Amino acid sequence: MADGDEDLLTRAEASAFLGLFGIRMKPATLARLWSTGNDGPPCRHVRSKPHYPRGLLRDWARSQITEVRTGAPAAARGRRRG
């Protein structure tokens, strides 16, 4: 584990940290993901305040980024819009 991986980030700090990975997510979106249980980044609570461990947040961000693709995955090709 790298130095600082256990540092706890607030939602605003987590939002800025995710931006380093090209993931734009407002603090309000992080709150919504937590409250709806929609596969957001893991967090801990200190009293009633959420905090995101830096290392777990980095791992989650990396898990959201796919390998380079040359076309849409098969599941997406079957969907139609409009």
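Since the structure is predicted, the reported quantities are computational estimates derived from the model, not experimental observations.
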Visitor: Would you call P50 and W34 a side-chain contact if the rule is heavy atoms closer than 4.5 Å?
Guide: no

Visitor: At their closest point, which heavy atom of P53 faces which heavy atom of R44, and how far apart are they?
Guide: CG-NH1, 3.9 Å

Visitor: Quick one: do L20 and L30 end up in the same hydrophobic cluster if we chain Ile, Leu, Val, Met, Phe, Trp and Tyr together by side-chain heavy atoms under 4.5 Å apart?
Guide: yes

Visitor: In Å, rounded to the nearest 0.5 Å, how long is the span from CG of L18 to CD of E13?
Guide: 12.0 Å

Visitor: Minimum heavy-atom separation for P27 and A12, please, with both atom names.
Guide: CG-CA, 3.8 Å

Visitor: State which residue, out of D7, L57, T10, L9, fulfils the side chain to side chain contact (heavy atoms under 4.5 Å, CB included) condition with H51.
Guide: T10

Visitor: Evaluate the side-chain contact (heavy atoms from CB on, under 4.5 Å) criterion for residues F21 and Q64: first the C-alpha distance (whole Å), next the side-chain angles of each, then the deciding distance (0.1 Å), finally the verdict.
Guide: CA-CA 10 Å; F21 297 90; Q64 303 302 300; over 6 Å; no

Visitor: Should R58 and D5 be marked as a side-chain contact (heavy atoms from CB on, under 4.5 Å) after you check the CA-CA gap, both sets of side-chain angles, and the distance that decides it?
Guide: CA-CA 9 Å; R58 181 186 313 105; D5 276 1; 2.9 Å; yes

Visitor: If you round to the nearest 0.5 Å, how far is NZ of K26 from CZ of R32?
Guide: 11.0 Å

Visitor: Looking at OH of Y52 and CZ of F17, how far apart are the two atoms once the value is rounded to the nearest 0.5 Å?
Guide: 13.5 Å

Visitor: Locate the shortest heavy-atom distance separating L33 from P41; write the atom from each residue and the value.
Guide: CD1-CD, 4.4 Å

